[in-house]
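Below you'll find the structure, written out as structure tokens, and then a few comments.
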Amino acid sequence: MGGEAINRKEEAMAQPVQAQQADLTAIQDLFYRAAEMLEEGRFLEWVDLFAEDGVYTAITAANLKDRGLAIFTDRGRAGLRERAAYWMGMWQVNRGSTSHVIGNVRLVGRDGDQIQVRSKFIMTRMNRDGLVDLHTAGSYQDVLTERGGALLFQHRRVIIDNRTLPSNFTDPL
Amino acid sequence: MGGEAINRKEEAMAQPVQAQQADLTAIQDLFYRAAEMLEEGRFLEWVDLFAEDGVYTAITAANLKDRGLAIFTDRGRAGLRERAAYWMGMWQVNRGSTSHVIGNVRLVGRDGDQIQVRSKFIMTRMNRDGLVDLHTAGSYQDVLTERGGALLFQHRRVIIDNRTLPSNFTDPL
Amino acid sequence: MGGEAINRKEEAMAQPVQAQQADLTAIQDLFYRAAEMLEEGRFLEWVDLFAEDGVYTAITAANLKDRGLAIFTDRGRAGLRERAAYWMGMWQVNRGSTSHVIGNVRLVGRDGDQIQVRSKFIMTRMNRDGLVDLHTAGSYQDVLTERGGALLFQHRRVIIDNRTLPSNFTDPL
Amino acid sequence: MDTATRGSLFDLPSDRLIDRGIYYEPAVFAEEIEKIFKKTWQFVGHESELAAIGDYLTVDIYDQRLIVTRAKDGALRAFYNNCTHRGAALATETKGNCGNAFRCMYHGWSFDLEGRLTGLPRRSSYGPGVDLSMYNIPQVRVESFAKFIFVCLDSAAPDLETFLGGVKAPLLETSADVQVLGRLSFFYPGNWKLWSDNARDGYHAEYTHPLVGAVYRDVAESAGTIQHFAKGHSKLWWPIEGDPRNIGQLQEKILGVTGAQHNSPGTRPMPPVKIDFARGNVIAAIFPNVHLQWLMAGSEHVMEIARPIGPKQTRVDMIAFAPADESPEGIAFRLAKTMDSHSSAGKVTGDDCEAVTRITEAVHADGVQWTPLNRGLKEGDLGHKTDDTALRGFYAAWRDHMGVGS
Amino acid sequence: MDTATRGSLFDLPSDRLIDRGIYYEPAVFAEEIEKIFKKTWQFVGHESELAAIGDYLTVDIYDQRLIVTRAKDGALRAFYNNCTHRGAALATETKGNCGNAFRCMYHGWSFDLEGRLTGLPRRSSYGPGVDLSMYNIPQVRVESFAKFIFVCLDSAAPDLETFLGGVKAPLLETSADVQVLGRLSFFYPGNWKLWSDNARDGYHAEYTHPLVGAVYRDVAESAGTIQHFAKGHSKLWWPIEGDPRNIGQLQEKILGVTGAQHNSPGTRPMPPVKIDFARGNVIAAIFPNVHLQWLMAGSEHVMEIARPIGPKQTRVDMIAFAPADESPEGIAFRLAKTMDSHSSAGKVTGDDCEAVTRITEAVHADGVQWTPLNRGLKEGDLGHKTDDTALRGFYAAWRDHMGVGS
Amino acid sequence: MDTATRGSLFDLPSDRLIDRGIYYEPAVFAEEIEKIFKKTWQFVGHESELAAIGDYLTVDIYDQRLIVTRAKDGALRAFYNNCTHRGAALATETKGNCGNAFRCMYHGWSFDLEGRLTGLPRRSSYGPGVDLSMYNIPQVRVESFAKFIFVCLDSAAPDLETFLGGVKAPLLETSADVQVLGRLSFFYPGNWKLWSDNARDGYHAEYTHPLVGAVYRDVAESAGTIQHFAKGHSKLWWPIEGDPRNIGQLQEKILGVTGAQHNSPGTRPMPPVKIDFARGNVIAAIFPNVHLQWLMAGSEHVMEIARPIGPKQTRVDMIAFAPADESPEGIAFRLAKTMDSHSSAGKVTGDDCEAVTRITEAVHADGVQWTPLNRGLKEGDLGHKTDDTALRGFYAAWRDHMGVGS
Ligand code: FES
Ligand code: FES
Ligand code: FES
Ligand SMILES: [Fe+3]
Ligand SMILES: [Fe+3]
Ligand SMILES: [Fe+3]
């Protein structure tokens, strides 16, 4: 899968600055809309931001350096819809408002019609006392693809800095 | 008031990409300068970033979904100056350095000369022990307006993820 | 040194908007690559992002307003390489994954070939229990310089909101 | 500790002194939970929040989690928010509608609106003839006055109206027919009694709140009273000073601190809300932890309940009200402005949070172990608004509950 | 507390009731550390994690930090992770290779793979003839079964195999020859015993986990057993319902909640992993805190260890396994999917975390102080999978250790 | 616990062993606050920080919050930072100028620079003839030596100079005429005594700090002494090894770890600061928790005060100094570089934080309950810099205060 193929080919990016800016704006818009959909519970819209055979996976930084034991891996629209189903009620967990602040969005490579992007995020969550806690933080490593004029997620890997998860880690990352 | 009129009209945004980028750069500059003014105590300069009849209001995500009980609502320059006065000494509370990291800035609509923007933020605050705490996080929903070549806040709504506020929640959001 | 000369000359920035955007994109790319190098342990690459006589210094917001007692100040490549050496094993401290989310990047001035930039950051760190903690937050005040077509750090000042440091504050800021 | 000083403060009669240990000692706090919070009527909400069958509110009396419902017969019921099987909470939201029953998320046991076990999945494994009623959740007492709902964990306590006594009048006068605008809560780092003290203390406002100070700066002897009622309740009352439309003049004082030019008009239109100018401002305090704030002629109407979280941690739950027949413009105005001075973000309460925080930080001092309550010492239950009358009354009731001699 | 209710629950024999205080009282927790965790064999890891000389694992038995090594002679050794000089931890990672020795970062003392002091820098200041062995780190017992490594702080305890007894069989059947895929941990806010309860409880799954509920919705009497072994161990077993390839049908039920159109095939290819369909699902529980989950015919193979952190805080350490001879495709699949339902992010365990959190929040209720364990009451150690058989067995062992009468 | 091992360590005389429980037991910590911190002189700051009338510093002796002022008569005064009315802290900043008086933010009571109540707003309600002096804040003892200000909560303790005794000399030698560059603090997760231990421990540096290790790698017997003074104070001294300008050579060793090419010059110009090469390095420790670090010939001059926050939590307050007559270039250099090796971000202290953290994590081990202090055992108060001489002296003083037999 594309995700494993993320490697920095920055030298290959001999693209006019202006085109890069346009890409970056489109990429950021995709990322921000994705986060907003997740925060607002528009999960099926979020599924449509992925390519038909898109992959969504999460892993700890420690396990990424080890054999690669994932927290979860969803493949294809069916897998993504299954995850949406869990968010929509297959889990009986309590929910609190979350915020994903995404920063450091950076093009790191381009391979045919695929764009490789890295970014950082901090995610907060309202706890059961009603206060906002830091929930997790880490990186997104994305491979995006253009289909019909729109950018889609081909492979989104969420790398979290945790080695130990907090309780109730079922919120969308 | 404009604030209630924030609705996503993304289809209406048939604007050249390049112009959008210019807008976005100007919007981000406005947001970042606003945050810096608040962090540095330049409160009267901050008031001038609002339109004459501008509105600044804060609410919890839970109450926004309910009847709409605000934490506060300041209308017009007089109301904003009154808030500035509180920050400048009408409150006798202790202050600690704050940081507002703003991300996910996204144009969501345009209505005549008004631009609708959404963004996310995390706010930290130095506590009484001298350490930095997560203070709150949430979204800005803004309606901006152009007056004399400059973008101004017509309506800034701060939506915080908290259901319960921390003690001393008087710092500028 | 340039760092002390950071003062807002926003009026001097009568530059075409488009050029500004190009600058901003290049600046952000520099900042994000710098953060990624630090998070990934590519410390010697990070040193090369500084001008030969570049300065890297950190200070609390409180001391910046007082006489200016720094937490540390590294001058020139030799000083920066010494810091890299500490990160690479001259310290025997435990390390946990860190994330730097950088936001609010803003050009504040230009002085010959030097660009003055301000930005905000939040830094998280995995603690000894494996959870992610808020480590610190604050501002970067940068003077950048162009050498051979590339932007370099001439002076990077990290201002942290803390008055009291957490234990083990040796991670790259 | 400087015993000389302690001696001199001891010269006051002991019922006018507080040992400051009561603000931080864990053992005192634990005893208060048992002897006060589990023995008195504790506020839950307003009946309009439980309009329909199946509507519920949850409330915690420290670690005792309760559910209050509108049952099938239209009556209010209260029972533990706790499954009799393995003890999971049945409801996790403050407010909701459960339909006909609460279904426990762990093994699916279902309890009706009175806490009776009505659904026992895969029942046969409990043997033939299992008596479901053995697993009913124990009910607790629930009563309401002026549509304010209270629960009580003590079956021997007097009924709600007897408990309220003298404070019923101000509750009825201000709140007989209201609607709920919403809820908001905040924490403060201090003992719950600091909030009770503050609500009975008309002395501090002028100094804690610079705006109030500006109002009274030139007032030699301002009007207002503090009335103590039996069992620790009280009513603080004061009139609105000056022309209520003249807020613009006050605003000039506020804006003065900014040093800015401003051109706000000297008078402003009255807000489009139903007010009762003659009634002025009322703070009705219900022992131990409820404070109804009916301020600025009723244009701000907020109930504050100080929930004990720990010896040095309290959560204040606020409910904002409007008259039941408020106009749409009035509702819009109140939604926007009711909380302006309340909460830990409020223009007034923000400073009260600071004051109680500073007490919590400093109050352990070995050299200063006593707090005097001797302002406005005189016979009777009525004092000037700045007197310690109701504070003395509160601590008399507190001592009664705690079983310490006066 | 409502004594009437308490009375009615008391009618059950006392060994079938739990006083809920055991889930939160600090004194009970402290006693459990001494009487259970310091007296029983505690899980460390798998021998394949200590393949080479100098490999080590660290493990904490509450506040007792230990190192387990593969020593020079190829044997396992365990000793305190604690320098005999001033007490610094010698190893700070969960796993690693220390070479020949652990060198303390404070004053450079070096200890060999058996914990013996072998390097004493600037030795002469300790006087002539200093006896280094005086500073050897005390060893603790370490044994392994089925390549699972355990330590025991009690020199008087029976050996590991005697301790394991009946639970040895399911361990061998499921895990005789495995490799480690990785580790993952999570916290939950609740007592460690809530996890032991949950692993012995085949009753909850249908109600806690909506997906499981969907599977059994129309199954009147599902198959499966719970077996209790002496000393508090147990084995929960149940078969795979229906055609295992028919997951697509199940997925339709899941996707139904989204209201979305979908066109997943009715049957899916089996995953490319070694499975044993006939064995179904096994959860082998080792007293007090280890739960081996061998699920879905072995396509998910995870060890869970519930580490006590405080009366209301637990960390669950998970180790994921694969058959030693799994194919590369199988390994890839398992790395991607093993944890899908496990951990606090898991499609199944996420709900279990919620259940134990809700218990912790509500369980203090004065009115409901007892938890019944009376499901499937009958003689013998084997029950239907939804019976409380193994829960009764667990608490019998718990009472033995704690020295309270049954 | 392995009693055999415990026995063997018991063979040492008991005054050379520490029971490790003193590093974590809450009861020991509580006793230390009463018997040590409330009985000894505690460091506040430098007289130059209180140059003008009304200047103040605040300091906390655990939960006792104090203010120290420069009063109207030019003398220093200290009193509780605690309003005698309801107990609010009067000052919330570490440092400031209050003008003529501290005005309490709650009810506006004002206290002069000696803590006397001078302003009582709306006074008449306290009745005729109220005696304001009844509400004066009790003063506490404040004295200074070498312009270092100390307070003492015990009226029976000897005066400051008597208390300091032998440690006066190194204080005077290093710090007679200094200015303050600024303050910086950090937390570490460990007992306060771990910092006292570390400051009296010349043994660790070579192993804890790789740079120091590089310096001494080939030094068979390095110079330096540790001197113990009565009452638990001490002085650690060592010379600067080699050519002080030869830092470049050292830097090559540092840069070696990066594997990078580098071309730093073999010698560097001396920094433009006033130094005293012959004095070398001095760490003067004042019982119980103050450590003056005068290092690298005085080019780094920092006072560290370890404030006890909890049994396993300490805050270290640092004050950086320069000679009063330092040049502008020297000041600029010192502002930039003084803290380079100090603080939890420091090139040296960063590692010390790690060491004390590792002790805190591991020190509970049942099997290793004692820490030996037997390095360099001999008669007298002077040892080689790596000996435990001053540690033995510290714990002798500690035992005296705590009333435990030696
Ligand atoms: S805990 Fe409620 S049904 Fe089991
Ligand atoms: S503490 Fe380990 S060598 Fe000193
Ligand atoms: S508490 Fe200080 S004036 Fe009342
Ligand atoms: Fe107030
Ligand atoms: Fe389960
Ligand atoms: Fe050191």
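Within every chain, numbering begins at 1; the chains are lettered A, B, ... in the order of the sequence lines, protein sequences first and strands thereafter.
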> About how many Å separate CD1 of Ile71(C) and NE2 of His342(F), when rounded to the nearest 0.5 Å?
Replying inline: 14.0 Å
>> Give the interface residues of residues 162-173 of chain C toward chain F, defined by a heavy-atom separation under 4.5 Å.
In response: Arg163(C), Thr164(C), Leu165(C), Pro166(C), Ser167(C), Asn168(C), Phe169(C), Thr170(C)
> Quick one: what part of Arg77(C) sits under 4.5 Å from any heavy atom of chain F, side chain, backbone, both or neither?
Replying inline: neither
> If you count heavy-atom pairs under 4.5 Å with chain F, which of Thr57(C), Asn63(C), Asn94(C), Thr60(C) comes out on top?
Replying inline: Asn94(C)
> Among side-chain atoms of Arg358(F) and Gln92(C), is any donor-acceptor pair under 3.5 angstrom?
Replying inline: no
> CZ of Arg128(C) to OG1 of Thr360(F): how many Å apart, nearest 0.5 Å?
Replying inline: 9.5 Å
>> Less than 4.5 Å to any heavy atom of chain C: does that hold for the side chain of Phe333(F), its backbone, both, or neither?
In response: neither
>> Nearest 0.5 Å, please: how far is CG in Leu335(F) from CD1 in Ile59(C)?
In response: 8.0 Å
> So, for Leu69(C) and Gly182(F), which heavy atoms are closest and what is the spacing to 0.1 Å?
Replying inline: CD2-C, 3.6 Å
> With only heavy atoms counted, which part of Val316(F) is less than 4.5 Å from chain C, the side chain, the backbone, both or neither?
Replying inline: neither
> Is the backbone N or O of Pro210(F) less than 3.5 Å from a side-chain atom of Trp91(C), with the two atoms forming a donor-acceptor pair by type?
Replying inline: no
> What residues form a ring-ring contact (aromatic ring centres under 6.0 Å, His included) with Phe43(F), not counting sequence neighbours?
Replying inline: Phe148(F), Phe150(F)
> Between Arg183(F) and chain C, which part of the residue has a heavy atom less than 4.5 Å away: side chain, backbone, both or neither?
Replying inline: backbone
> So which of His209(F), Arg334(F), Lys347(F), Met339(F) has the biggest tally of heavy-atom pairs under 4.5 Å with chain C?
Replying inline: Lys347(F)
>> Using a 4.5 angstrom heavy-atom cutoff, name the option from Asp351(F), Asp317(F), Leu184(F), Thr338(F) with the most pairs to chain C.
In response: Asp351(F)
